[in-house]
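Read the structure below first, then the notes.
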Amino acid sequence: MKAIVDCNSFYCSCEKVFKPELNNKPIVVLSNNDGCIISLNDDAKALGVKMTGPYYQAKPVIEKYNVAVFSSNYNLYGDMSQRVMQTLKMLTGEENVEVYSVDECFINLDHIPAAELCKFALHLKKTVEEWTGVAVSIGVAPTKVLCKVANRLSKKNKKETKGVMVLHNEQEIKHALQKTAVTDIWGVGTRYALKLQSNNINTAWELRNTNEEWGRKNLGGIVGVRLIKELCGDPCGEIKEPLKVKKMITTTRMFGKPVTELKYIKEAVATYISRAAEKLRRQSCSVKTVHVFVVTNDYADVYKYNPQTRGSRVILPVATSVTNNIIRYALPLVDKLFCEGSRYLKAGVIFSVLEPDDCIQSNLFSAAVKNTRHSLMETLDNINFSMRDDAVKFVSSGLTRNWKMRQELRSGRFTSRWEELKEVR
DNA sequence: TCTGGGGTCCTAGGACCC
DNA sequence: TCTGGGGTCCTAGGACCC
C-alpha cells in the first residue's frame, strides 16, 4: 500500500503559522506580480473565491469580507516544505518517501500491517501538524492514482474522515471511484475529460471498466493504459528516488507592467539567464541549448487578454554554466524576436540539453577551453546567497529594473532571513 | 526493369501535473 | 489597470546510419 500526504491550502497554511490571529479567517495568496490567486483556504472558498482566478475579479468579495491577502513568498514556502518532508522521512524512513511537489509526497507503506494503516496515517498527520503547524490530508490505497482519489475524498469531507481516507478493499475502492468524476482524476486534464465525456464515460468507475486498448488509442498511448491499470489497483508507478538533477530549467516572469522597449526586455532576459544559470550550477550541470521567448499582447482591444508567444533558440558550441557566456550567445536572440510597437507582457528562458559538468562534450571546432570561470561564478553565488539576491550582478541585467514584478503584499521571510525573523514579546 | 529493412538519435509539440 | 512559474513524460516524424 501507498499513501499520499498533501498539505491543505499549503501557501495559506504557511502564512497562518506565523500569524495565528488568522485562524479561522479567510486567506488568499497571489501569484508573482500579484496577478492571480494561487492558494486559498476553506474559509475563502466558502465566500465563493475561485482558485487561479484573476485577483482583480475577486477583489470586491475580498475587500467586503476582509480576506487576508499575501503576495507569494517562496522562500518561506520552500523552507516550510522541507520541514514537513523531513518530519515524514523521520517517521517512515527516508527511502520510503518520494517528494512529488512542494506540498505533497508519496509514501511507501508496504511495511505497515493492513489493520494498522488508518492508525498509522493518523499518527503521521498529527505529528506533522504538531511539529510544523501545517495541516495535511492523507489518502491510502494500492496505487498512486487511487491514493489521489482517496486523498481528494478525505479533503471533501474533513469532519467525517478527519483528513485521512484508506481504501482497504475492492468494495471501498468501487464506492470511492463511483463518487469521483473523470474531471477529478489525477492524469485527466481538460482535453482528456472532454474526450471521455463525449464517449459517455463520466465517473472514475466507468473509466476503470473501459478496456485498455480504448485507453491506449484515446488517452495518450501508454499513459492511458497505465491510468486504467492504476484505477484497477494494478500499480504502474512505484515510489521513486527523487530526480536530483533536472532535465530542463526555466525562468520566466510577467513584467510589472507591459514593456515596449527592447533595452528593458534584454535586461529582463539577462536577469533570467543569471537566475537559471544559478540553478544550473547548483546541480553541477552545464547547458547546451538555450531557448528565449517573449509574450506579447497585441490586440485591437488592449483589455482583451490574448497572449502570443514567440521564441528562438541557440545551441552553444560547448556546454557551459558561466553566466556571461550564456548571456553573450542568448541575448542576440532578443533582437531577433523584438518587434517595434508590440506590448510585451513577459519574457523567459529555457535551458535544455543539460550536461553534467564532469562529462562535457567538447567541440571539435572550438579551442578546448574548460569551464575556467568557475571560481568567479562560485564567488558570485556565495556573495548573492549570503547577502541578498543580486547583490552582485551583470550590468546587462539592468540597474533600475523598472520592469520588475510587483510583490506588494509579501510577508516576512521568517525562517530564511535573519533580519526578518519573527519576534515574540 | 529496377531502388530494403532495421535501427538510433534528436526535436517539436501535445498532454499532463502542482 | 488587471490573468503564475515552474516541471515531467510521451509520440511522431525527420535525419542519418549500416
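Letters go in sequence order (proteins before strands), and every chain restarts at 1.
Taking for each of A:R226 and A:L345 the nucleotide of DNA chain C with the nearest heavy atom, the 5'-most of the two is the partner of A:L345. Taking for each of A:P54 and A:G221 the nucleotide of DNA chain C with the nearest heavy atom, the 5'-most of the two is the partner of A:P54.
Counting non-hydrogen atoms under 4.0 angstrom, A:I185 reaches the backbone sugars and phosphates but no base. The residue A:V102 sits apart from the nucleic acid: no heavy atom pair falls under 4.0 Å. Within 4.0 Å (heavy atoms only), A:K279 reaches sugar-phosphate atoms of the nucleic acid but no base atom. Residue-level contact check: A:Y192 touches the backbone only, with heavy atoms under 4.0 Å from sugar-phosphate atoms and none from bases. When heavy atoms are screened at a 4.0 angstrom cut-off, A:I249 is found touching the sugar-phosphate backbone but no base atom. When heavy atoms are screened at a 4.0 angstrom cut-off, A:Y100 is found touching the sugar-phosphate backbone but no base atom. Among the heavy atoms of the strands lying under 4.0 Å from A:D103 are primed sugar atoms or P, OP1, OP2 only; no base atom is included. Looking at heavy-atom distances under 4.0 Å, A:S72 makes no contact with the nucleic acid at all. Residue A:K195 is out of contact with every strand shown, counting any heavy-atom pair closer than 4.0 Å.
Residues that satisfy the side-chain hydrogen bond (donor to acceptor under 3.5 Å, both in side chains) test with A:K144, not counting sequence neighbours, are A:E98. The side-chain contact (heavy atoms from CB on, under 4.5 Å) check on A:Q197 picks up A:V182, A:T183, A:L194, A:N202, with sequence neighbours excluded. By the side-chain hydrogen bond (donor to acceptor under 3.5 Å, both in side chains) test, A:T210 pairs with no residue at all, sequence neighbours left out.
Between the side chain of A:S397 and the main chain of A:T271, no donor-acceptor pair closer than 3.5 Å is present. Checking side-chain atoms of A:S72 against main-chain N and O of A:L30 turns up a donor-acceptor pair under 3.5 Å.
When rounded to the nearest whole Å, the span between CE of A:M254 and C1' of C:dG4 equals 8 Å. The CG atom of A:L207 sits 13 Å away from the P atom of B:dC16 (whole-angstrom rounding). A:N218 has its CG atom 13 Å from the P atom of B:dC16, to the nearest Å. Rounded to whole Å, the distance from CZ on A:R253 to P on C:dG6 is 4 Å. When the C1' atom of B:dC18 is taken as reference, atom CZ of A:F106 falls 11 Å away, rounded to whole Å. Computed from coordinates, the A:D184 CG to B:dC17 C1' distance equals 15 Å when rounded to whole Å. A straight line from CD of A:Q57 to P of C:dC2 spans 14 Å, rounded to a whole angstrom. When rounded to the nearest whole Å, the span between CE of A:M248 and C1' of B:dG13 equals 13 Å.
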With 3.5 Å as the limit, what N/O pairs link the protein to nucleotides 9-12 of chain B?
residue	atom	partner	partner atom	Å
B:dA12	OP1	A:R313	NE	2.9
B:dA12	OP1	A:R313	NH2	3.4

For DNA chain B, what is the dot-bracket line, given that a base pair needs Watson-Crick (N1 to N3, plus N6-O4 or O6-N4) or G-U wobble (N1-O2 and O6-N3) geometry with both distances under 3.5 Å, and | means paired with another strand? ....||||||||||||||
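Under a 4.0 Å N-O distance rule, the pair A:D6/A:R152 does not qualify as a salt bridge. In this structure, A:R226 does not pair ionically with A:E212, as no charged nitrogen and carboxylate oxygen lie closer than 4.0 Å. Classification of A:K158 and A:D42 as a salt-bridged pair holds, one side-chain N sitting under 4.0 Å from a carboxylate O. Look at A:R216 and A:E213 and you find a salt bridge, because one of the NZ, NE, NH1 or NH2 atoms lies within 4.0 Å of a carboxylate O, short of that distance.
Between A:Y11 and A:Y74, the angle of the ring planes goes over 60°, which puts this pair in the perpendicular group of the 30/60° scheme.
The ring pair (Phe, Tyr, Trp, His ring centres under 6.0 Å) pairs that include a residue from residues 180-200 of chain A are A:Y100-A:W186, A:F106-A:W186, where partners are two or more places apart or lie in different chains.
Dashed line: the shortest gap from a side-chain N or O of A:K346 to OP1 or OP2 of C:dG5 is under 4.0 Å. Taking 4.0 angstrom as the limit, A:K246 places a side-chain polar atom (N or O) nearer than this to OP1 or OP2 of C:dG7. Distances shown here put every side-chain N or O of A:T250 at or beyond 4.0 Å from the OP1 or OP2 atom of C:dG6.
Checking B:dC16, C:dC2, C:dG4 against every side-chain atom of A:S31, the shortest atom distance belongs to C:dG4.
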